[in-house]
K.L.:
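Please read through the structure below; I'll follow up with questions.
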Amino acid sequence: MIKALAVAVSGVLAGSVAWANPYVNVENNAGYSGGDYLGATTDFHIGFEGSDGVYSYYAQGGPAFVSPQGEDGEFELSGKVGGNVQVAESVGIYGELSFLTAEDDPSVGTKLGVKWSF
């Protein structure tokens, strides 16, 4: 399933639809476990998105400030690519691939879902 999504997203990105709509996205993600604060990562991304009505997609990247609880924060590089395929008028399938560099432990994340609109 993940391979199929990757092929679909790469096909959309390589297609004839032009990139449009540049944007800036600042996003903070904080973590908690059992009520304890673990730390946060704040992304400072520049991105572009495009759509042709059936397919929509985006790519964004830039620095990320990683600040674990009780430690000095540092900047890393992060980014995301993702897309949506509208399979019916009220149903879309979406996915995202993200990364965050780190000296000892780089991370990659995936997101896959279905969205029904009412």
Side-chain angles (χ1 to χ4, degrees):
M1 186 68 162
I2 298 280
K3 287 183 182 180
L5 178 65
V7 169
V9 169
S10 66
V12 169
L13 294 176
S16 62
V17 178
W19 288 93
N21 303 322
Y23 62 89
V24 173
N25 183 45
V26 178
E27 177 179 291
N28 177 272
N29 294 288
Y32 298 85
S33 179
D36 295 329
Y37 175 70
L38 301 177
T41 299
T42 304
D43 298 326
F44 301 92
H45 287 173
I46 295 174
F48 296 91
E49 60 188 0
S51 176
D52 74 353
V54 175
Y55 303 105
S56 61
Y57 44 89
Y58 62 92
Q60 66 183 53
F65 187 70
V66 180
S67 54
Q69 173 64 15
E71 298 179 29
D72 291 335
E74 59 184 32
F75 280 97
E76 299 290 347
L77 181 63
S78 68
K80 300 175 184 180
V81 294
N84 182 74
V85 177
Q86 202 65 33
V87 296
E89 184 177 337
S90 61
V91 180
I93 298 173
Y94 64 89
E96 180 180 275
L97 177 65
S98 62
F99 75 91
L100 175 68
T101 63
E103 187 174 312
D104 298 328
D105 190 19
S107 64
V108 174
T110 61
K111 186 184 295 187
L112 183 62
V114 177
K115 181 178 180 180
W116 283 272
S117 300
F118 300 97

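All residue numbers in this chain count up from 1 along the given sequence. Please read these numbers as outputs of a predicted model, since none were measured by experiment.
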K.L.:
Can you list, by chain and residue number, the hydrophobic cluster partners of Ile46 when the side-chain cut-off is 4.5 Å?
P.N.:
none

K.L.:
Once you round to the nearest 0.5 Å, how far does CG of Asn28 lie from OG1 of Thr41?
P.N.:
8.0 Å

K.L.:
Listed by chain and number, what are the ring pair (Phe, Tyr, Trp, His ring centres under 6.0 Å) partners of Tyr37, not counting sequence neighbours?
P.N.:
Tyr32

K.L.:
If you look at every heavy atom in His45 and Gly62, which pair is closest and at what distance?
P.N.:
CD2-N, 3.4 Å

K.L.:
Kindly state each residue pair satisfying salt bridge (charged side-chain N to carboxylate O under 4.0 Å, His left out) with at least one member in residues 21-34, sequence neighbours excluded.
P.N.:
Glu27-Lys80

K.L.:
What pair of heavy atoms forms the shortest contact from Pro22 to Phe48, and how long is it?
P.N.:
CB-CE2, 3.4 Å

K.L.:
Could you go step by step and tell me if Glu49 and Ser56 meet the side chain to side chain contact (heavy atoms under 4.5 Å, CB included) rule?
P.N.:
CA-CA 7 Å; Glu49 60 188 0; Ser56 61; over 6 Å; no

K.L.:
Looking at residues at least two apart in the chain, or sitting in another chain, which of them share a side-chain contact (heavy atoms from CB on, under 4.5 Å) with Leu77?
P.N.:
Phe99, Thr101

K.L.:
Would a hydrophobic clustering, with Ile, Leu, Val, Met, Phe, Trp and Tyr connected at side-chain separations under 4.5 Å, put Val66 with Val26?
P.N.:
no

K.L.:
Does one hydrophobic cluster hold both Val114 and Tyr55, with members joined at side-chain heavy-atom distances below 4.5 Å?
P.N.:
yes

K.L.:
Under 4.5 Å between side-chain heavy atoms, counting indirect links through other Ile/Leu/Val/Met/Phe/Trp/Tyr residues: same cluster for Leu100 and Phe65 or not?
P.N.:
no

K.L.:
At what distance, to the nearest 0.5 angstrom, does OH of Tyr58 lie from CD of Glu96?
P.N.:
3.0 Å

K.L.:
Hey, could you give me the OG/NZ distance between Ser90 and Lys115, rounded to the nearest 0.5 Å?
P.N.:
11.5 Å

K.L.:
Can you name the residues that form a ring pair (Phe, Tyr, Trp, His ring centres under 6.0 Å) with Tyr23, not counting sequence neighbours?
P.N.:
none

K.L.:
What pair of heavy atoms forms the shortest contact from Pro63 to Phe75, and how long is it?
P.N.:
CB-CD2, 4.0 Å

K.L.:
Are any side-chain N or O atoms of Gln86 and backbone N or O atoms of Val91, one a donor and one an acceptor, separated by less than 3.5 Å?
P.N.:
yes

K.L.:
Residues sharing Leu38's hydrophobic cluster, by side-chain heavy-atom contacts under 4.5 Å among ILVMFWY, directly or via others?
P.N.:
none

K.L.:
Please determine whether residues Val87 and Val54 belong to a single hydrophobic cluster, defined as Ile, Leu, Val, Met, Phe, Trp and Tyr linked transitively by side-chain heavy-atom distances below 4.5 Å.
P.N.:
yes

